[in-house]
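The block underneath contains the structure these notes are about, expressed in structure tokens.
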Amino acid sequence: ITLIALLLLGATTSTFATHLMGGSLNYTYVSFNAQTQTATYDVVVTMYRRCDAGSSQFSPNINLGAYIENTSNLNKVLFSSTNIGPVVTSPVVLPSGGGCTFNPNVCVEKGVYSATIDLPLQAQGYHLMVETCCRNTQILNIDAAGNNLGMSFYAYVPPAFVNNSSPVFVDAPVPYLCVSDTTSLLNSVIDPDGDLLTYSFVSPFQDLTGAVQWNTPARSTYPIATTPYNPTFGVPPPFGPGGTAQINGATGLTQYSPPGIGFYVVAVEIKEFRGTNPNPIGITRRDLQIIVITCPPNTSPNQAIDTDSNAVITTYN
């Protein structure tokens, strides 16, 4: 089984339920009103949850905060708060075939929240933030159980005169990696503006306030706090000693080799660059939850020589 899996999964908020698995926040530049000096953006928050029996549902609505950038790592001041909903859900169809006979039997559901917002022209741009609760407690590399950790979704929007849309992840989530095997996965994205993109592993965000339902406070802590790792785990190594995780900063191609089964969290950040500007014009990220499982061994091929044609014949049992 070569490349059985990819990862990802996401979530949302409601009560202190432990069903959330990851996701991302993206925005699309729509237009600019010269009279009001206001830009319009479509914002989409995509989350994933475990939908096994007993798991909590997605929250019907979430709160999106747009915070003004102030060129420093000080708490950001709220410009607007938008309640987004209702959520649109769909099942995630997990892959099968390729000679794989195992059935991990995990239910995954996708939830999409969307809204259109107006942001006045502001010289330094905006920070879009959403908070949800809570991550599932089976995660091994971060202390989700002990800290009742939620997650935050984030994107930086440059000033309206830049006319930027964030890259959008287009690959379907495939939540399984095989233990003690190396898997190559590409973070497939589309950038509507054709900007130069760089990719990196980062620490996943935790929730902004620890609240069950975030209400976009007048000032928001910045930088957003990241998840505390359990001993021997980190950005690298997300799988602990004996495991590896590598990412190509130019292409987003990742390679994972987990040494043990279980649930792990990884975050990939994308920065956008345009022209000769050495500073990123946009930042977004994806919060991923990887499930490492034991996979059946590959079937070894049998080879024989056809005595009539001298051709090599390969068969699989």
Side-chain angles (χ1 to χ4, degrees), residues 1 3-24 45-62 85-98 100-113 130-153 169 171-179 181 183 185 204-207 210 212-214 227 230 233 238-239 256 258 260-267 286-296:
I1 302 169
L3 185 58
I4 274 188
L6 192 198
L7 18 358
L8 177 76
L9 304 347
T12 170
T13 160
S14 176
T15 66
F16 280 111
T18 57
H19 61 296
L20 310 181
M21 304 179 78
S24 59
V45 182
T46 304
M47 303 183 185
Y48 298 85
R49 75 176 187 99
R50 288 196 66 173
C51 50
D52 306 81
S55 295
S56 295
Q57 300 294 318
F58 284 118
S59 173
N61 302 76
I62 58 174
V87 63
V88 177
T89 63
S90 59
V92 175
V93 179
L94 304 179
S96 60
C100 299
T101 56
F102 65 93
N103 179 18
N105 195 29
V106 173
C107 176
V108 179
E109 186 178 53
K110 176 182 178 180
V112 176
Y113 303 82
V130 168
E131 173 186 281
T132 78
C133 188
C134 294
R135 297 179 184 272
N136 46 11
T137 56
Q138 300 97 325
I139 302 169
L140 297 179
N141 59 337
I142 64 173
D143 189 10
N147 287 282
N148 214 8
L149 289 179
M151 62 182 69
S152 297
F153 301 97
F169 290 94
D171 54 331
V174 185
Y176 305 111
L177 296 183
C178 294
V179 67
D181 193 10
T183 303
L185 304 168
F205 288 139
Q206 62 175 290
D207 46 333
V212 176
Q213 180 63 273
W214 188 53
T227 54
N230 286 323
F233 296 98
F239 305 118
Y256 298 100
I261 62 173
F263 291 71
Y264 303 86
V265 170
V266 172
R286 185 188 232 183
D287 196 308
L288 310 153
Q289 188 170 130
I290 299 171
I291 304 175
V292 181
I293 60 175
T294 300
C295 301

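Throughout, residue positions are numbered sequentially from 1 according to the sequence presented.
- In this structure, the separation between OH on Y256 and CG on L185 is 6.5 Å, given to the nearest 0.5 Å.
- Closest heavy-atom contact between P238 and V266: CB-CG2, 3.9 Å.
- Under the 30°/60° scheme for interplanar angles, the aromatic rings of F233 and Y264 are found to be tilted.
- For N230 against L140, the heavy-atom pair with the smallest separation is ND2-O, 2.9 Å.
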>> side chain to side chain contact (heavy atoms under 4.5 Å, CB included) for I142 and R135? Distances and angles first, verdict last.
In response: CA-CA 10 Å; I142 64 173; R135 297 179 184 272; 3.7 Å; yes

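- We find the CH2-OG1 distance between W214 and T132 to be 11.0 Å, quoted to the nearest 0.5 Å.
- Contact detail for S59 and V87: the closest heavy-atom pair is O-CG1, 3.7 Å.
- Residues E109 and S90 come closest through the heavy atom pair CG-O, 3.5 Å.
- Side-chain atoms of L288 and F169, non-hydrogen and from C-beta on, never get closer than 4.5 Å to each other.
- Put simply, NZ on K110 and SG on C51 are 14.0 Å apart, with the number rounded to the nearest 0.5 Å.
- Two residues are said to be in side-chain contact when any heavy atoms from C-beta on lie closer than 4.5 Å; V265 and T227 fail this criterion.
- A 4.5 Å side-chain heavy-atom check between T89 and Q57 finds every atom pair outside the cut-off.
- For the residue pair R50 and F263, the shortest heavy atom distance occurs at NH1-CZ, 3.2 Å.
- Here the closest heavy-atom approach between residue D207 and residue G150 is recorded as OD1-N, 3.4 Å.
- The SG atom of C178 sits 5.5 Å away from the CD1 atom of I293 when rounded to the nearest 0.5 Å.
- For the atom pair CD1 of I291 and CD1 of I139, the computed distance is 10.0 Å after rounding to the nearest 0.5 Å.
- Annotation: the span from F58 atom CZ to L20 atom CG amounts to 7.5 Å, rounded to 0.5 Å.
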